[in-house]
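Let me begin by presenting the structure, written as structure tokens, before commenting on it.
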Amino acid sequence: MYKISMVSLGCPKNQVDAEMMLRSLKDAGFEIGAEEAEADAIIINTCGFIEEAKKEAIENILEAAQYKKTGRCRALIVTGCLAERYRDDVTAEIPEVDVCVGIGCNGNIAEITESAIKGGRENYYGQKDALDLNRGRILGGYPFSTYLKIADGCDNCCTYCAIPMIRGRLRSRRLEDCVAEAERLAAEGVKELTVVAQDTTAYGEDLYGKPMLTELLKELCKIDGLHWIRTLYTYPDRITDELLDTVAEEPKLVKYFDIPIQHVNGEILKRMNRRGNYESISRLLDKIRERIPDVTLRTTLITGFPGETEEQFEELARFVKEKRFDRLGCFAYSAEEDTAAAQFAGQIDEQTKQDRTDNIMELQMTVAGQKNAEKAGTVTEVL
């Protein structure tokens, strides 16, 4: 029996892919969960979204490669977004890697791994839509909290984002398939389910001709055993009154919105191929807080997008101070090859981008401290 060690990097959606591969490997007779030093094959399931993620992936690959000398590793396999994005370049640039597997071939990971252990050195790439979203999983995290991946790919085509190139167009799972998996997870003891996709508010548009997130959430709330259901990555221009009402009224739905607004300046958003501005996003946040007074709001922002002026940055900083998000992450713009924004004029130097990011995070630290202080004397249910 061959022993397998897997390292999965990046987002929860990538984690779900890793858990599906682990199921395939176990069903094929492999022993999974081995320490790297004891593994016959090491699989690095990578992220390749932005520059920092690529660096982390390469560091993990090179760290694992040492076990080809000091351990029993006979095959170092790279899967995930880095493998899909750069394909044969991975094995060409990192000769320690034996096999590179694109996401369309995840379902064949057991056969690929056995071949690699026996000396096979072929890379494997299939159509992105060949990634089966309904395969079984072996949960890699806590047994009581996990993710439900309801779609893959994205049609938004933000100019800074490589995800449509890596993952392809939006491909939603059938509603009944999502519910069936959630029922299985609840039966296995999962209490908290986090619904994820690149854009959960676009879920169903490709299958049903309209967004179906609200309908899905209502069905998930009917499942016995589930205590909390939360949703990540809800895009601001797709948050409907019906969705707000559902979150407000359903006891199992966590009063939480993760809304990646990225910026608030209308011109910047337009060049990002996104909609909205300071006023429209402010109105949305005010509406959410009015409808769900105890809501927790999270967002992500990008500083240093090509052409961002000091005035536009100050507008963003003013927004952060004014709207007081409970949770906020800010990232310096990363010019990703083959994206439209990487070709835009007005690229900003790295130091300025980072200074602006640090500025936003300092502002948010103040806001977060104030919000934490406001909770003194209250009682909160936690997991």
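By convention here, the first residue in the shown sequence is residue 1.
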Could you tell me the separation between the OH atom of Tyr333 and the CD atom of Gln354, rounded to the nearest 0.5 Å?
15.5 Å
Output the distance between atom CZ (Arg271) and atom CG (Leu269), rounded to the nearest 0.5 Å.
10.0 Å
Just distance, no hydrogens or angles: give the donor-acceptor pairs under 3.5 Å from side chains in residues 290-307, sequence neighbours left out.
| unit_1 | atom_1 | unit_2 | atom_2 | d |
| --- | --- | --- | --- | --- |
| Arg291 | NE | Asp245 | OD1 | 2.7 |
| Arg291 | NH2 | Asp245 | OD1 | 3.3 |
| Arg291 | NH2 | Glu249 | OE2 | 3.2 |
| Arg298 | NH1 | Asp258 | OD2 | 2.9 |
| Thr299 | OG1 | Ile259 | O | 2.4 |
| Thr299 | OG1 | Ile261 | N | 3.1 |
| Thr303 | OG1 | Lys353 | O | 3.3 |
| Thr303 | OG1 | Thr357 | N | 3.4 |
| Thr303 | OG1 | Thr357 | OG1 | 2.6 |

Rounded distance [0.5 Å steps], CG in Leu328 versus CG in Leu363:
9.5 Å
What I'd like to find out is whether the side chain of Ser24 reaches to under 4.5 Å of the side chain of Arg135, using heavy atoms alone.
yes
Is any NZ, NE, NH1 or NH2 atom of the basic residue among Lys149 and Glu19 found under 4.0 Å from an Asp or Glu carboxylate oxygen of the other?
no
Hey, is Glu192 close enough to Arg230 for a salt bridge, meaning N to O under 4.0 Å?
yes
Would you call Lys323-Asp286 a salt bridge at under 4.0 Å N-O?
yes
Before accepting this row, confirm whether a basic side-chain N of the pair Glu310/Arg356 lies closer than 4.0 Å to the acidic partner's carboxylate O.
yes
Atom pair OG (Ser172) and CG (Leu133), whose distance is rounded to the nearest 0.5 Å:
9.0 Å
If the threshold is 4.0 Å, N to carboxylate O, is there a salt bridge linking Lys270 and Glu267?
no
Between Arg274 and Tyr160: side-chain donor-acceptor atoms closer than 3.5 Å
yes
I'd like to know if Arg184 and Glu181 make a salt bridge, using a cut-off of under 4.0 Å between side-chain N and carboxylate O.
no
I'd like to know if the side chain of Asn14 reaches the main chain of Ser8, judged simply by a donor and an acceptor atom lying under 3.5 Å from each other, with no hydrogens or angles considered.
no
Between Glu322 and Tyr278, is there a side-chain donor-acceptor contact under 3.5 Å, judged purely by atom types and distance?
yes
Pair Glu336-Ser334, side-chain donor/acceptor within less than 3.5 Å
yes
For a quick test of your reading: what N or O donor-acceptor pairs under 3.5 Å do the side chains of residues 90-99 make, sequence neighbours left out?
| unit_1 | atom_1 | unit_2 | atom_2 | d |
| --- | --- | --- | --- | --- |
| Thr91 | OG1 | Asp88 | O | 3.1 |
| Thr91 | OG1 | Asn123 | ND2 | 3.0 |
| Asp98 | OD1 | Lys68 | NZ | 3.0 |
| Asp98 | OD1 | Arg121 | NE | 3.1 |
| Asp98 | OD2 | Lys68 | NZ | 3.0 |
| Asp98 | OD2 | Leu76 | N | 2.8 |

Would you tell me whether Glu337 and Tyr86 have side-chain atoms, one donor and one acceptor, within less than 3.5 Å of each other?
yes
Should we say atom OH of Tyr208 is surrounded by more than 12 heavy atoms from elsewhere, each under 6.0 Å from it?
yes
Is the shortest side-chain N to carboxylate O distance from Asp199 to Arg238 below 4.0 Å?
yes
Separation of Leu216 CG from Arg174 CZ (nearest 0.5 Å)
13.5 Å
Output for pair (Glu381 CD, His227 NE2), nearest 0.5 Å, gives 3.5 Å
Side-chain donor-acceptor contact under 3.5 Å, Asn60 with Glu56
no
